[in-house]
Amino acid sequence: MTIIETAATLHEAHRDNHTHRDVNGGWLRPAVFGAMDGLVSNLALMSGVAGGSVGQQAIILTGLAGLAAGAFSMAAGEYTSVASQRDLVEAELDVERRELRKHPEDEEQELAALYVSRGVEPELARKVARQLSHDPDQALEIHAREELGIDPGDLPSPTVAAVSSFGSFALGALLPVLPYLLGATTLWPAVLVALAGLFGCGAVVARVTARSWWFSGLRQLALGGAAAGVTYALGSLFGAAL
């Protein structure tokens with residue numbers, strides 16, 4: 001009884017711990033990319049303008065314009081990109097669906113050959129392929145997974161990608177503007193807030209990746225700081241020339 005209970009406990013522990021996060025939902029990449037891009041691009045844009053020795057109002061207007069333009073651009077780009085990818089996948093699924101309808105035996109043999117190539121005994125592979133091919137929807141899903149590497153029931157959503165990208169970019173781009181909206185008259189508070197946001201974003205991203213939080217945070221901070229420094233120098237150069 002003790003052995004049975006121990007085995008059952010181990011099975012439950014394995015079942016509870018052997019779960020995976022959603023990697024195909026279409027929200028993480030645009031959200032992360034949008035926040036990083038919003039922070040870096042708006043910080044760099046405002047730094048370049050500030051380097052030209054313009055007034056506080058011009059910097060605020062630049063930041064808000066960069067926020068709005070970037071957020072809409074990111075959302076439109078993500079929607080178009082993911083929708084185009086989804087349309088391509090749907091077209092390939094239609095091709096596979098027609099093949100399953102017109103040449104079911106050939107598709108069944110193709111599936112059996114695939115299993116054989118992976119080490120399954122030929123007779124068992126034929127039986128498995130025959131059984132799986134009885135349900136057209138299941139057959140399509142299996143062929144899509146094996147031949148196209150996709151799951152027909154878990155395609156990324158263009159709307160989710162666009163909304164995630166828009167919201168995250170706007171949030172990231174707002175951080176450098178906040179100190180000015182709260183009364184700051186120099187660039188340094190905006191730079192400090194933006195760099196802190198970049199480090200925080202990098203650390204948060206590390207929570208869903210294999211990277212350490214400090215490495216990811218410092219990497220984003222360094223990249224954002226470099227972009228702001230370069231654009232500030234260019235703004236100072238062009239501002240002096242004008």
Side-chain angles (χ1 to χ4, degrees), residues 19-49 59-94 137 140-141 144-145 148-182 190-191 193-211 213 216-217 219-221 223-225 227-228 231:
T19 57
H20 298 282
R21 291 164 290 194
D22 178 20
V23 296
N24 293 318
W27 65 270
L28 180 59
R29 184 188 67 83
V32 171
F33 180 71
M36 297 297 184
D37 192 26
L39 271 165
V40 174
S41 63
N42 222 26
L43 173 62
L45 179 63
M46 293 171 62
S47 297
V49 173
I59 297 176
I60 295 175
L61 181 60
T62 298
L64 293 177
L67 184 158
F72 281 109
S73 177
M74 286 286 293
E78 281 294 334
Y79 186 91
T80 302
S81 174
V82 176
S84 299
Q85 179 186 6
R86 189 182 180 107
D87 290 342
L88 176 60
V89 171
E90 293 288 357
E92 291 301 313
L93 288 175
D94 287 339
D137 293 333
L140 176 63
E141 180 178 341
R145 287 178 183 272
L148 302 176
I150 60 174
D151 183 355
D154 192 25
L155 300 180
S157 167
T159 302
V160 170
V163 171
S164 299
S165 181
F166 182 94
S168 59
F169 185 98
L171 182 60
L174 180 62
L175 287 182
V177 188
L178 272 179
Y180 280 100
L181 295 178
L182 295 176
V191 171
V193 170
L195 292 181
L198 281 169
F199 183 86
C201 285
V204 169
V205 170
R207 300 281 295 179
V208 293
T209 64
R211 291 287 189 182
W213 64 270
S216 183
R219 179 178 59 183
Q220 297 303 327
L221 187 151
L223 292 174
T231 53

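Predicted, not measured: the structure shown is a model, and the values here were computed from it.
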By side chain to side chain contact (heavy atoms under 4.5 Å, CB included), which residues pair with [X], not counting sequence neighbours?
X	answer
A203	W213
V163	T159
L67	N42, A170, A173, L174
L61	none

Smallest separation among heavy atoms of [X] and [Y], with atom names:
X	Y	value
P158	R86	CD-CD, 4.2 Å
T62	V49	CG2-CG2, 3.6 Å
M74	S165	CB-OG, 3.2 Å
L43	A194	CD2-CB, 3.7 Å
G38	S41	O-OG, 3.7 Å
V40	A227	CG1-CB, 3.8 Å

*Could you walk me through whether L175 and L39 pass side chain to side chain contact (heavy atoms under 4.5 Å, CB included), step by step?*
CA-CA 7 Å; L175 287 182; L39 271 165; 3.6 Å; yes
*Using ring-ring contact (aromatic ring centres under 6.0 Å, His included) as the criterion, list what pairs up with F166, not counting sequence neighbours.*
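By the ring-ring contact (aromatic ring centres under 6.0 Å, His included) rule, F166 matches F72.
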_Pairwise side-chain contact, L181 with I60, heavy-atom cut-off 4.5 Å (strictly under)_ =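 Contact flag for L181/I60 side chains = yes.
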*How about M46 and P176: do any of their side-chain heavy atoms sit closer than 4.5 Å?*
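Side-chain contact under 4.5 Å: yes.
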*G77 backbone acceptor or donor facing S81 side chain under 3.5 Å*: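 Absent.
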*Indicate yes or no for a side-chain donor-acceptor contact from S168 to the backbone of S164 under 3.5 Å, with no hydrogens or angles considered.*
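Present.
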*Please check if atom OH in Y79 has more than 12 non-hydrogen atoms from other residues, nucleotides or ligands closer than 6.0 Å.*
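Atom OH in Y79 is not packed in, count stays at 12 or less.
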*With sequence neighbours left out, what residues match R145 under side chain to side chain donor-acceptor pair (under 3.5 Å)?*
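Here the qualifying residues are E141, D151.
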*For L178 and V193, what are the C-alpha separation, side-chain angles and deciding distance, and is it a side chain to side chain contact (heavy atoms under 4.5 Å, CB included)?*
CA-CA 8 Å; L178 272 179; V193 170; 5.5 Å; no
